[in-house]
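All values below come from the heavy atoms of this structure, side chains included, with hydrogens, waters and symmetry mates left out. All figures in this text were calculated on a predicted structure; none of them were measured in a lab.
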Amino acid sequence: MRRGGVLLSLVLLSPVLLTGCGTGPSLENRGAVTAPPGDSKHLTIGSAGFTESDLLAQMYALLLDQAGYKTSMLTVANRELYEPALESGQIDVVPEYAATFADWLNAKTHGADAPPVGSPDLATTMKALRSLAAPRGLTVLDPGRAVDQNAFAVTAAYAGQHHLKTLSDLGASHLPVRLAAGDECVQRPYCEPGLKKTYGIDITGVDPKGVGTTQAKRAVQSGQDQMLLTTTTDATLDEFGLVLLADDKHLQNADYIVPVVNRSRAGSEGVTKALGKLNDVLTTADLASMNRQVDSWRRLPEDVARTYLKDKGLLK
């Protein structure tokens, strides 16, 4: 998926960023965070280079600017690069996804074969994430209401015909379902195995058309496939006549959006307070709407972010 992938985009990186030297805790000192939270007035906001990450980074920058900080933006479309830069203090703030980032840090700390620590339970996921982030000099701020999880969609006509609102409804219907998704779906517990085990859905095959791609949506729209794997903030479902089925048994992990900051540079109460203003406002539906404005209406992420914050009374 886009947030978990390792594809690089063309970005300008300084040699220092690539080497990862900087202000993060040394390997021998990791295990206890002793430095007080920092409050640098010049902060670099990182984006992972896809629409939603750009929008979140822009909102972070605008809120921090209003709080008296000076901000700059840096796009690094690869977690293998931007996470070390966050540790070193060359990136100070980045939007992340709780369960995905917890599992990524866990694999980095304990090896690729380490059991996952992300789960559908937000409190459990946040506890694991913070325990993994703290020794690296990172502070994970509180999550808000917005979540970008894996999700499954069918056509509105198909849902209406079979009275489907939830994945449980689909399982109870005993309908044969060909699923448009990524290649990894046949093995991932949140995908084919989980749909069968948790919901009893009769998955007859996986059509390897990717996650939320236009190709996958057209396959479901045409009836070639009956369901596709996408995300809860997919901006273009309406254009294809598609609707999400609710994950009513909570198969998917708690990928709530969380700001992650470098503690020694951006761990202050001022940063926490500025970014925390989004928590009671930003919803999953809001993110989907903003994604649509950028992806379908071709508006600039900064303009969309600014308009949203002003409409919500968070920006003067």
Are [X] and [Y] connected, step by step, through hydrophobic side chains (Ile, Leu, Val, Met, Phe, Trp, Tyr) whose heavy atoms are closer than 4.5 Å?
{"X": "Leu309", "Y": "Val294", "result": "yes"}
{"X": "Val140", "Y": "Ile91", "result": "yes"}
{"X": "Phe152", "Y": "Leu242", "result": "no"}
{"X": "Leu229", "Y": "Leu244", "result": "no"}

For [X] against [Y], the heavy-atom pair lying closest together:
{"X": "Pro189", "Y": "Leu251", "answer": "O-CD1, 3.7 Å"}
{"X": "Arg145", "Y": "Val281", "answer": "NH1-O, 3.9 Å"}
{"X": "Leu179", "Y": "Cys185", "answer": "CD2-SG, 3.5 Å"}
{"X": "Asp225", "Y": "Ala180", "answer": "OD2-CB, 3.4 Å"}
{"X": "Gln252", "Y": "Asp247", "answer": "N-OD2, 2.9 Å"}
{"X": "Ala274", "Y": "Leu64", "answer": "CB-CD2, 3.9 Å"}

Any donor-acceptor pair under 3.5 Å from [X] side chain to [Y] backbone:
{"X": "Arg265", "Y": "His42", "result": "yes"}
{"X": "Thr307", "Y": "Val304", "result": "no"}
{"X": "Asn262", "Y": "Glu87", "result": "yes"}
{"X": "Asp103", "Y": "Gly118", "result": "yes"}
{"X": "Ser289", "Y": "Ala285", "result": "no"}
{"X": "Ser47", "Y": "Met73", "result": "no"}

Separation of [Y] [atom2] from [X] [atom1] (nearest 0.5 Å):
{"X": "Arg306", "Y": "Gln58", "atom1": "CZ", "atom2": "CD", "result": "8.5 Å"}
{"X": "Leu62", "Y": "Leu314", "atom1": "CG", "atom2": "CG", "result": "11.0 Å"}
{"X": "Ser264", "Y": "Leu138", "atom1": "OG", "atom2": "CG", "result": "9.5 Å"}
{"X": "Leu170", "Y": "Thr166", "atom1": "CG", "atom2": "OG1", "result": "8.5 Å"}
{"X": "Leu275", "Y": "Tyr60", "atom1": "CG", "atom2": "OH", "result": "6.5 Å"}
{"X": "Thr214", "Y": "Lys209", "atom1": "OG1", "atom2": "NZ", "result": "12.5 Å"}

### Query
How far apart are the C-alpha atoms of Asp148 and Leu287, what are their side-chain angles, what is the distance that settles it, and do they pass the side-chain contact (heavy atoms from CB on, under 4.5 Å) test?
CA-CA 9 Å; Asp148 187 353; Leu287 265 182; 5.6 Å; no
Does a side chain donor of either [X] or [Y] reach within less than 3.5 Å of an acceptor in the other side chain?
{"X": "Gln293", "Y": "Tyr308", "result": "no"}
{"X": "Asp255", "Y": "Gln149", "result": "no"}
{"X": "Arg136", "Y": "Thr109", "result": "yes"}
{"X": "Thr236", "Y": "Asp234", "result": "yes"}

Looking at side-chain heavy atoms only, is the closest gap between [X] and [Y] below 4.5 Å?
{"X": "Glu83", "Y": "Leu105", "result": "yes"}
{"X": "Tyr97", "Y": "Val258", "result": "no"}
{"X": "Leu282", "Y": "Met59", "result": "yes"}
{"X": "Leu315", "Y": "Gln66", "result": "yes"}
{"X": "Leu86", "Y": "Val260", "result": "yes"}
{"X": "Leu43", "Y": "Val271", "result": "yes"}
{"X": "Ser268", "Y": "Tyr69", "result": "yes"}
{"X": "Tyr82", "Y": "Leu74", "result": "no"}

Should the heavy atoms of other residues, nucleotides or ligands under 6.0 Å from [atom1] of [X] be counted, would the total exceed 12?
{"X": "Arg299", "atom1": "CZ", "value": "yes"}
{"X": "Tyr256", "atom1": "OH", "value": "no"}
{"X": "Asp280", "atom1": "CG", "value": "no"}

### Task
Determine, stepwise, if the pair Leu195 / Met227 fulfils side-chain contact (heavy atoms from CB on, under 4.5 Å).
CA-CA 12 Å; Leu195 291 173; Met227 187 166 69; 4.0 Å; yes
### Task
Report the C-alpha distance between Ser168 and Lys249 in whole Å, list the side-chain angles of each, state the deciding distance to 0.1 Å, and finish with yes or no for side-chain contact (heavy atoms from CB on, under 4.5 Å).
CA-CA 8 Å; Ser168 287; Lys249 292 185 178 179; 3.4 Å; yes
### Task
Any chance you could lay out the side-chain contact (heavy atoms from CB on, under 4.5 Å) test for Asp92 and Val261, step after step, and finish with the verdict?
CA-CA 5 Å; Asp92 302 304; Val261 304; over 6 Å; no
### Query
So, Glu96 and Arg79, do they make that salt bridge, N to O below 4.0 Å?
yes
### Message
I'd like to know if Lys41 pairs up with Asp39 as an ion pair, taking the criterion as any Lys NZ or Arg NE/NH1/NH2 lying under 4.0 Å from an Asp or Glu carboxylate oxygen.
### Response
yes
### Query
So which of Leu228, Leu237, Val220, Val243 actually passes side-chain contact (heavy atoms from CB on, under 4.5 Å) with Thr155?
Val220
